[in-house]
Protein chains: 2
Amino acid sequence: MTTSERLIESTRELLWERGYVGTSPKAILERAGAGQGSMYHHFKGKPDLALAAIRRTAEELRAGAAGVLHGPGTPYERIEAYLTREREVLRGCPIGRLTMDPDVVASEELREPVDETLDWLREQLAGIVEEGKEQGQFGPELDGEAIAATVVATVQGGYVLARASGSPADFDAGVRGLLGLLAPRSAV
Amino acid sequence: MTTSERLIESTRELLWERGYVGTSPKAILERAGAGQGSMYHHFKGKPDLALAAIRRTAEELRAGAAGVLHGPGTPYERIEAYLTREREVLRGCPIGRLTMDPDVVASEELREPVDETLDWLREQLAGIVEEGKEQGQFGPELDGEAIAATVVATVQGGYVLARASGSPADFDAGVRGLLGLLAPRSAV
DNA sequence: GTCTATACACTGATAGAC
DNA sequence: GTCTATCAGTGTATAGAC
């Protein structure tokens with residue numbers, strides 16, 4: 001792996017663990033096994049390196065979610081697969097958590113990939129809900145975009161519950177509640 | 001207001017705006033108009049002051065939520081009132097956001113009031129759902145504790161969506177989706 | 001109780017040698 | 001490309017004067 005790659009990967013890990021404000025260039029360099037000079041040669045500074053790291057994490061998240069959302073199964077099953085997907089719950093969402101970082105939200109550039117990712121996720125889910133409505137699996141009264149927002153919010157909020165208690169089961173409880181509400185009548 | 005009070009209030013504001021990692025004693029002192037000595041006279045240090053601030057914020061949150069949850073109305077209406085309650089959405093949840101702070105989660109003491117508050121909230125909501133089931137407003141298949149987790153998660157995740165896009169409407173979309181799913185059949 | 005002075009490691013960045 | 005040296009400012013805490 002090149003030094004530049006190692007810097008990006010180390011930054012991704014630290015952003016996930018400690019957020020942007022809690023991550024120092026020094027910590028990144030130690031983890032990457034590089035000196036100050038390397039970082040400032042490849043990147044303009046901390047924000048520039050963080051941007052590269054966030055963009056890569058966003059891409060990875062989208063790719064992973066797309067695999068589940070556009071996989072096999074009925075609309076309900078695909079939403080269920082997304083919600084019950086294996087996650088490192090106690091680590092939180094590597095993208096969603098950045099919204100609680102004051103310096104990320106304050107920077108148009110750093111916030112952009114975060115916004116784009118969550119937006120993309122909601123679009124995919126909204127499409128699946130509409131598909132389910134056409135197939136009669138979901139009632140016509142459901143608002144695809146609103147349900148999509150609820151699904152994403154339940155996941156993001158599930159991380160909050162789990163990290164507060166230290167127990168992944170609290171994430172699962174939120175998901176279980178939502179799936180119960182979404183379940184096609186015939187399946188209840 | 002006493003100096004000690006000003007320190008706690010300043011800390012509460014900064015923890016909400018910038019989180020624990022992003023808040024320095026220096027910033028607290030400047031906002032409170034106090035010197036170093038005052039802070040270390042009244043508190044053992046940053047964690048001790050933060051604990052006092054978090055506890056107070058937690059109490060306030062509980063009191064506010066209790067007013068809505070145990071107010072007038074049917075179980076559904078009270079959950080609706082909680083979900084659509086006026087919030088400073090873009091500021092995020094002053095308690096929930098702390099779960100994304102590595103130093104808060106790493107400290108048993110600092111995490112405790114956060115955990116306790118979200119737990120209390122879920123208990124109240126679970127009780128209301130059970131009440132609604134007894135009254136026939138909610139179907140008997142609903143799991144009160146799971147629905148409660150979903151409700152709290154939707155709120156916490158709604159903050160994430162809104163802060164990502166910079167638009168409170170995204171919080172509202174998640175809430176609207178959940179309310180649509182929760183609505184008693186007769187009300188649809 | 002409150003203040004200033006002091007301490008020392010860390011933050012984020014630049015300069016320049018190799 | 002990568003390293004070390006250096007820097008002004010900040011983070012967190014202690015000491016001691018008033």
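We name chains A, B, ... by the order of the sequence lines, and we start the count at 1 in each one. Atom set for the values below is all heavy atoms of this structure, side chains included, hydrogens, waters and symmetry mates excluded. Here the structure is a predicted model, which is why all the values come from computation and not from measurement.
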Mapping B:Thr2 and A:Pro25 onto DNA chain C by nearest heavy atom, which one lands closer to the 5' end? B:Thr2
Could A:Glu59 and A:Arg62 be called an ion pair, given the rule that one side-chain N must be under 4.0 Å from one carboxylate O? no
Look at the side-chain heavy atoms of Ile, Leu, Val, Met, Phe, Trp and Tyr, link any pair under 4.5 Å apart, and say whether A:Leu181 and A:Leu179 land in one connected group. yes
Taking five pairs at each end of the helix from C:dG1-D:dC18 to C:dC18-D:dG1, what angle separates the two helix axes (nearest 10°)? 0°
Distance check, rounded to the nearest 0.5 Å: A:Tyr159 atom OH versus A:Glu88 atom CD? 9.0 Å
Interatomic distance, B:Ile28 CD1 vs D:dT10 P [rounded to whole Å]: 16 Å
Roughly, in whole Å, what's the span from NZ in A:Lys26 to P in D:dG11? 16 Å
So that I can tick it off, tell me whether B:Arg31 and B:Glu17 are bridged by a salt bridge, with the cut-off set at under 4.0 angstrom between side-chain N and carboxylate O. yes
Other residues, nucleotides, ligands: >12 heavy atoms within 6.0 Å of B:Glu5 CD: yes
Are a donor atom and an acceptor atom from the side chains of A:Thr23 and A:Arg18 found within less than 3.5 Å of each other? no
With the threshold set at under 4.0 Å for non-hydrogen atoms, list the residues of residues 31-42 of chain B touching DNA chain D in residue-number order. B:Gln36, B:Tyr40
Does A:Trp16 share a hydrophobic cluster with A:Leu121, counting links as ILVMFWY side-chain heavy atoms below 4.5 Å and allowing steps through other members? no
Nearest-Å distance, CZ (B:Phe43) to P (D:dA13)? 14 Å
Does any non-hydrogen side-chain atom of B:Val160 lie less than 4.5 Å from one of A:Val152? no
Euclidean distance, atom CG of residue B:Leu49 to atom C1' of D:dT12 [Å, nearest integer]: 13 Å
So what does B:Ser4 touch, heavy atoms closer than 4.0 Å: a base, only the sugar-phosphate, or nothing? nothing
Starting from B:Val105 and following side-chain heavy-atom contacts under 4.5 Å between hydrophobic residues (I, L, V, M, F, W, Y), which residues can be reached? none
For DNA chain D, determine which residues of residues 98-111 of chain A have any heavy atom closer than 4.0 angstrom to one of its atoms, and list them numerically. none
Specify the separation, in whole Å, of atom NZ of A:Lys46 and atom C1' of D:dT10. 13 Å
Please determine whether a side-chain nitrogen of the Lys or Arg among A:Arg6 and A:Glu9 lies less than 4.0 Å from a carboxylate oxygen of the Asp or Glu. no
Apart from B:Tyr40 itself, what residues make up its hydrophobic cluster when side-chain heavy atoms of I, L, V, M, F, W and Y under 4.5 Å apart count as a link, directly or indirectly? B:Leu7, B:Ile8, B:Leu14, B:Ile28, B:Leu29, B:Met39, B:Phe43, B:Leu49
Does either side chain, that of A:Asp115 or that of B:Ser165, offer a donor lying less than 3.5 Å from an acceptor on the other one? no
For a 4.0 angstrom threshold against heavy atoms of chain B, report the outermost contacting nucleotides of DNA chain C in 5' to 3' order. C:dG1 to C:dT4
Ion pair check, B:Arg122 and A:Asp170, cut-off under 4.0 Å: yes
